[in-house]
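In the text below, chain A, chain B and the rest are named by the order of the sequence lines, each starting its count at 1.
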Amino acid sequence: MKPSIPRGTRDFGPDEMVKRNYIFDTIRASFRKYGYLPLETPSMENLSTLMGKYGEEGDKLIFKILNSGDFLEKADADALANKDSKKLTAGISEKALRYDLTVPFARFVVMHQNEITFPFKRYQIQPVWRADKPQKGRYREFYQCDADVIGTTSLLNELELIELFDEVFNNLGLRVKVQINNRKILSGIAEILGEADRIIDITVAIDKLDKIGVDKVKAEMLSKGVSESAVNSLQPLLEFSGSHDQKLELLKKMLQSSEIGMKGIAEIEEIFGYTKALAFKKVNLEFEMTLARGLNYYTGAIFEVKVDDTRSSFTSSICGGGRYDDLTGIFGLNGMSGVGISFGADRIYDVLEEAGLFPADATLSTKVLIVNFGGEDLAYGLEILRTLRNNSVYTELYPDAVKMKKQMGYADARNIPFVILAGSDERNSREVTLKNMSDGTQQKIKLDQLADLLK
RNA sequence: GUGAUUGUAGCUCAGUUGGUUAGAGCGCCUGAUUGUGGUUCAGGAGGUCGAGGGUUCGAGACCCUUCAUUCACCCCA
């Protein structure tokens, strides 16, 4: 039988892993620089921990784990007979693969609230799983790199996270557009429209504005049951095309009677106020009223990051995030506001690959290969190997005393820049022949000078 | 979940209105070259044409089913 792996999952060979680690290392270093502490949580969570946090669509995409043992024995007989999958699931699955890192983090905070010093800043780099149908930039197993602060409502945290975006993408050499909005503004809009309970439908529709246009957005809202008068009063906002400041002014007028809406605007203005003194290197920060995000738990600022580089054709977001005022509340800990961002490492990889932004030295591993001549020369080869390794030069000795052509071919295929030839001549004079593989030149070097030369 | 797309050698792909033994480039292996890779030359291995069924004297090609792929929608990192 031909082996295969589940759709939407991938193997990562050495070439890819070296580049992936470059991304992880870059992000991790920035997280640590900003004072975030590491955390890991289990791949699986109790299904009840995850359900209901991501919206209706999200819940469907959670990978459920079948109970072990004779799970049908305990299954709901009616649900089974009626083929009611949804109801049946509750009885046969108690665990699920984590869907993101934010909800497990909230669960962790609640469970360890007495040990944690707040505000708590943590970073977490782990895979998550989603039962989506794969396509470009969309995988069923992918890594998220999260940084969150919990236990503080200060908008300085939002500012810091924007700076963190700038730090990471500056290190990766990628220009990006950071879009920011505030859920309170969206709530305010829904409120003045008299459709407060349809906020999700309204925001999801507004989110598509630049993709499908005003008319289709209106049509979608109507089809979701939003009243015609409400849709019409939204019209000026949808069709508005002015500067961001002007748009905020318009919003202010529209949302005057909405306390929550005005709060959202004030928050956006405060954050932009902080950034005035800053010069971002790679980030272009934009207020984007149509940014919605489907995850249920966001209550304040929401972020999305898109590539701003002509060398990449990537249009979907590569990072996301936002503030959640009460994610821990469901688990019994109230008044614990948090805000966080997530880097989509796999999408960032695709972008860097497409734009040719991986540095060349990110792909080097072994620096020197020692040719194995076998016999009496082997002991000398081993001595050279230890000398170089003791001096932290990445060195290999070819394990078999096979034909030189084969050993040279190995160095070539592995992109090893130097090869050492040390046979009886070199051994007797305590020298080595050092060959530079890129230009083909070679020279004799005293063994005791070799390590310094290669460092 | 909806709609398309494509499955032929390790990889990228040709393969005419159905016709004998299914091809190319790259890669791989061997040799030219017993202490020299990447270049060159000579030779070689490698295929259940995604799987199952059907039509036909005859199927890689046509039909059905199925699985997988890629892409768009949806949603999202």
Give the rounded distance in Å between these two atoms: [atom1] of [X] and [atom2] of [N].
| X | N | atom1 | atom2 | value |
| --- | --- | --- | --- | --- |
| Lys405(A) | U40(B) | NZ | P | 12 Å |
| Asn372(A) | U36(B) | CG | P | 16 Å |
| Asp132(A) | C71(B) | CG | P | 13 Å |
| Gln407(A) | U33(B) | CD | C1' | 16 Å |
| Lys136(A) | C71(B) | NZ | P | 7 Å |
| Ile206(A) | C75(B) | CD1 | P | 13 Å |
| Tyr398(A) | G37(B) | OH | C1' | 12 Å |
| Asp146(A) | C76(B) | CG | C1' | 14 Å |

side-chain contact (heavy atoms from CB on, under 4.5 Å) partner of Val419(A), chosen from Ile370(A), Thr433(A), Asp412(A), Val371(A):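 It is Val371(A); the other options fail the test.
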Taking atom [atom1] in both [N] and [M], compute the distance separating them and give it to the nearest angstrom.
| N | M | atom1 | result |
| --- | --- | --- | --- |
| G43(B) | C57(B) | C1' | 40 Å |
| A32(B) | U20(B) | C1' | 38 Å |
| G46(B) | C29(B) | P | 16 Å |
| G18(B) | U5(B) | C1' | 24 Å |
| C13(B) | A77(B) | P | 32 Å |
| U70(B) | U34(B) | P | 47 Å |
| G60(B) | A22(B) | P | 10 Å |
| U48(B) | A59(B) | C1' | 15 Å |

Hey, which sits more toward the 5' end of RNA chain B by its nearest nucleotide, Lys403(A) or Pro6(A)?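 Whichever sits nearer the 5' end wins; that is Lys403(A).
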By nearest heavy atom, map Gln135(A) and Ser317(A) onto RNA chain B; which one lands nearer the 5' end?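 In this pair, the answer is Gln135(A).
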Under 6.0 Å from the ring centre and within 45 degrees of the ring axis: does the NZ or CZ of [X] meet both conditions for the six-membered ring of [Y]?
| X | Y | value |
| --- | --- | --- |
| Arg323(A) | Tyr298(A) | no |
| Arg175(A) | Phe169(A) | no |
| Lys53(A) | Tyr297(A) | no |

So does [X] get a side-chain nitrogen or oxygen closer than 4.0 Å to the phosphate oxygens (OP1/OP2) of [N]?
| X | N | value |
| --- | --- | --- |
| Lys306(A) | C76(B) | no |
| Lys133(A) | U70(B) | no |
| Arg130(A) | C75(B) | no |

At under 4.0 Å between heavy atoms, what does [X] touch on the DNA or RNA strands: base, sugar-phosphate, or nothing?
| X | answer |
| --- | --- |
| Gly409(A) | sugar-phosphate |
| Tyr143(A) | nothing |
| Gly58(A) | nothing |
| Lys60(A) | nothing |
| Leu421(A) | base |

Using a distance-only criterion (donor-acceptor N/O pair, under 3.5 Å, no hydrogens), is the base of [N] paired with the side chain of [X]?
| X | N | answer |
| --- | --- | --- |
| Asp412(A) | G37(B) | yes |
| Lys406(A) | U36(B) | no |
| Glu426(A) | G35(B) | yes |
| Arg138(A) | C74(B) | yes |
| Gln442(A) | U36(B) | yes |
| Arg347(A) | C76(B) | yes |

pi-stack flag for Phe142(A) and A77(B), centroid dist under 5.5 Å, interplanar under 30°: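 Whether judged by distance or by angle, Phe142(A) passes, so it stacks on the base of A77(B).
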Is the centre of the Phe373(A) ring less than 6.0 Å from the centre of the Tyr380(A) ring?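 That pair fails the under 6.0 Å test.
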What is the pairing partner of [N], taking Watson-Crick or G-U wobble pairs with both distances under 3.5 Å in any strand?
| N | result |
| --- | --- |
| U5(B) | none |
| G47(B) | none |
| C13(B) | G23(B) |
| G52(B) | C64(B) |

Note: Asp148(A)-Arg122(A) ion pair, threshold 4.0 Å (strictly below):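 Counted as a salt bridge, because a side-chain N and a carboxylate O are separated by less than 4.0 Å.
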Passing option when Arg20(A) is tested against Asp350(A), Asp346(A), Asp15(A) for salt bridge (charged side-chain N to carboxylate O under 4.0 Å, His left out):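 It is Asp346(A), the one option of Asp350(A), Asp346(A), Asp15(A) that forms the salt bridge (charged side-chain N to carboxylate O under 4.0 Å, His left out) with Arg20(A).
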Nucleotide of G35(B), C76(B), A77(B) approaching Ser316(A) most closely (side-chain heavy atoms):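 Given the options G35(B), C76(B), A77(B), the side chain of Ser316(A) is closest to C76(B).
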Is there a side-chain contact between Ile348(A) and Val307(A) in this structure, where contact means two heavy atoms from C-beta onward sitting under 4.5 Å apart?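 The answer is no, as the side chains (C-beta and beyond) never meet within the 4.5 Å cut-off.
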